[in-house]
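The structure appears below as structure tokens.
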Amino acid sequence: MASEETSSLTRRGFVGAGAALGACAVGAGITGCSSAKSEKKDEKKEEKVSAKDSLKIFVGAEPKDGFDPLTTYWGTNGMYSLFQSRLLAFNKEGKPVPDLAESYKMSDDGLTYTYKLKKGIKFSDGTPFTADDVVFSYLTIRDNGAGHIDFKALADAKALDESTVEFKLKKRDSSFVARTAKLCIVPKKGYDAQNYRIKPVGTGPFKLVQYDKGQQLIIAPNEYYYGTKSTFKRITLVFLNGEAALAHAQSGTMDVVMVQPEYTKEKVEGMHLVKFPTIDTRGFNLPTFAPKEVDGKERGNAVTADRAVRLALNIGISRSELIQSSINGIGTPHTALLHKLPWANPQSEFKDGRVEEAKKILEDAGWKLNAQGVREKDGKPCEFNITGRSDDMQRYDIAVGLSEQAKKLGIRINAKAVPWKQGREQARIIPTCWGTGDYDPSGDIIGYYGSKGAINDSRYSNPTVDKHIEEALAAPSHEKALEAWKKVQWDGTTGPESEKGDLPYIWLVTIDHTYYIKDDLDIPEQPLHPHGHGWPVICNLNEWKRK
């Protein structure tokens, strides 16, 4: 199947690393191109498990850096972890509710949070879970800077007793509670980052049985888990490329297979396609100023610097047509970053497909059609490059779809596929396809924070927007921050979104997460999936059953 994957990528115009994927796993946001060398297997005699009591699933690429939440992206979207659990967990409405903690309270000044932990919980190796493990996990991720949840506002954490943790913040941070529903807890005793990433121990619903790097992960129920225990004795998560996984499904050897939109028209005997709704949004950053040197590096884009171009693209293209032509209709068109969440601002949304209006905006701004049907201004063509990921066919297909839609407006967009590292490094010059969707409002909206040097790939800066972000973060609670988060997007006068706004991005689609599922497998209702097509489906893996 490796040669088939390579030829498929070649047909679609993938180059460089994309053309050499071979047997690498292709999946949800992270990719692992690992050697077939296995970690040392469990030397205990393996118990024979019947097909009824086992599962074999493909839910996305192998986490390339392993399973340590303190040093990698593992589990940081708050929806899955397998081996670990968190102080709080997101429920089906995306609200933080008790998990390892039974309750929490905040001081009147918003600077002290006290969490009471459930008693009697053990790690999967049988050792007791205590407040010291929480303190260790939080201070480690704060200090090492390698994790992917922002705890810079955390001044200190200490154990008041075995079941009470006190957090002190340097300043108010209304998203602190949401972040405690994202960070998985690891045991303090014996923790070593290099070893832990391949031999994780935690308080989650499963324990590691065997990890064959580049091939598979075998897990079993954690007998010490405090919640619902899985009825399956053994679950195997395989690491394959998309075509190989589909072939396994068609041969009847898989129970669940994550598929990208290009495979959703396939028929798989004994399985049915399920589309899970999400908050997983795709779009492109549009650099907001002309090329210049910033912090010693060239930034900006000569064409997208013109708001008229950004506005014409946002209102002129048809997102519904793009979704049909590029990703088999698997998704919902959206013109704003956020939706379906309490902090989404519906006033940010607007009608698209307004081709003639978009053309007039460009004409009035001085962009005239030339003999080749491409607009130009002062001798400069209305043309620029964009990138999709060479390890994610969906993002490349969306890039091609945007390119096709732009032709109607006289804008030439050249879609290319590059490795994610390259695309991200070039994003402040060449727009790239982003995926995002977070149950922490600051996790998404903080990208509009320009004046404090936050990650901002459009180099967008608006002092009023910055003030709204600061107001939201300084709010006394998550709930009281919601109106400020809405104003960040559009406050009725200014903001990054709305057709009257600055439009440093073009948001296109909220994708559905698609899986082929065995007809005899019952997967309970799932919450809206966050960003990361593939792995979020295992958020309630311990509740799956045979019918």
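In this structure, Arg197 is not positioned above the aromatic face of Trp74 in the sense of NZ or CZ being under 6.0 Å from the six-membered ring centre and within 45° of the axis.
In this structure, a donor-acceptor pair under 3.5 Å is absent between the side chains of Tyr396 and Ser390. Counting only N and O atoms by type, the side chains of Arg389 and Gln394 include no donor and acceptor under 3.5 Å apart. Tyr226 and Asp99 form a side-chain donor-acceptor contact under 3.5 Å, judged by distance and modelled atom types alone.
Using a 4.5 Å heavy-atom cutoff, the side chains of Gln526 and His529 are in contact.
Taken to the nearest 0.5 Å, the CZ atom of Phe123 stands 13.0 Å off from the OH atom of Tyr224. Summarising the geometry, atom CD1 belonging to Ile141 is positioned 6.5 Å from atom CZ belonging to Phe151; distances are rounded to the nearest 0.5 Å.
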Evaluate the salt bridge (charged side-chain N to carboxylate O under 4.0 Å, His left out) criterion for residues Lys189 and Asp133: first the C-alpha distance (whole Å), next the side-chain angles of each, then the deciding distance (0.1 Å), finally the verdict. CA-CA 8 Å; Lys189 185 178 180 180; Asp133 301 302; over 6 Å; no
Could you check Thr514 against Asp512 for side chain to side chain donor-acceptor pair (under 3.5 Å), going step by step and ending with a plain yes or no? CA-CA 6 Å; Thr514 46; Asp512 295 327; over 6 Å; no
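A salt bridge (Lys or Arg N to Asp or Glu O under 4.0 Å) check over residues 534-547, counting only residues at least two apart or in different chains, returns the pairs Asp255-Arg546, Asp520-Arg546.
One finds no salt bridge joining Asp132 and Lys188 here, because no Lys/Arg side-chain nitrogen approaches an Asp/Glu carboxylate oxygen to under 4.0 Å. A salt bridge links Glu223 with Lys207: the distance from a Lys NZ or Arg NE/NH1/NH2 to an Asp or Glu carboxylate oxygen falls below 4.0 Å.
The distance between the ring centers of Trp507 and His339 does not fall below 6.0 angstrom. Not less than 6.0 angstrom separates the ring centroid of Phe276 from the ring centroid of His513. Between Tyr191 and Phe136, the distance from one ring center to the other falls under 6.0 angstrom.
Although no hydrogens or angles enter the test, the distance criterion places no donor-acceptor pair under 3.5 Å between the side chain of Thr203 and the main chain of Gln84.
Shortest non-hydrogen contact noted between Asn285 and Ala427 is ND2-O, 2.7 Å.
Exactly one of Tyr80, Phe206, Tyr73, Tyr211 qualifies for a ring-ring contact (aromatic ring centres under 6.0 Å, His included) with Phe67. That residue is Tyr211.
The aromatic rings of Tyr138 and Phe176 sit tilted, their planes meeting at an angle between 30° and 60°.
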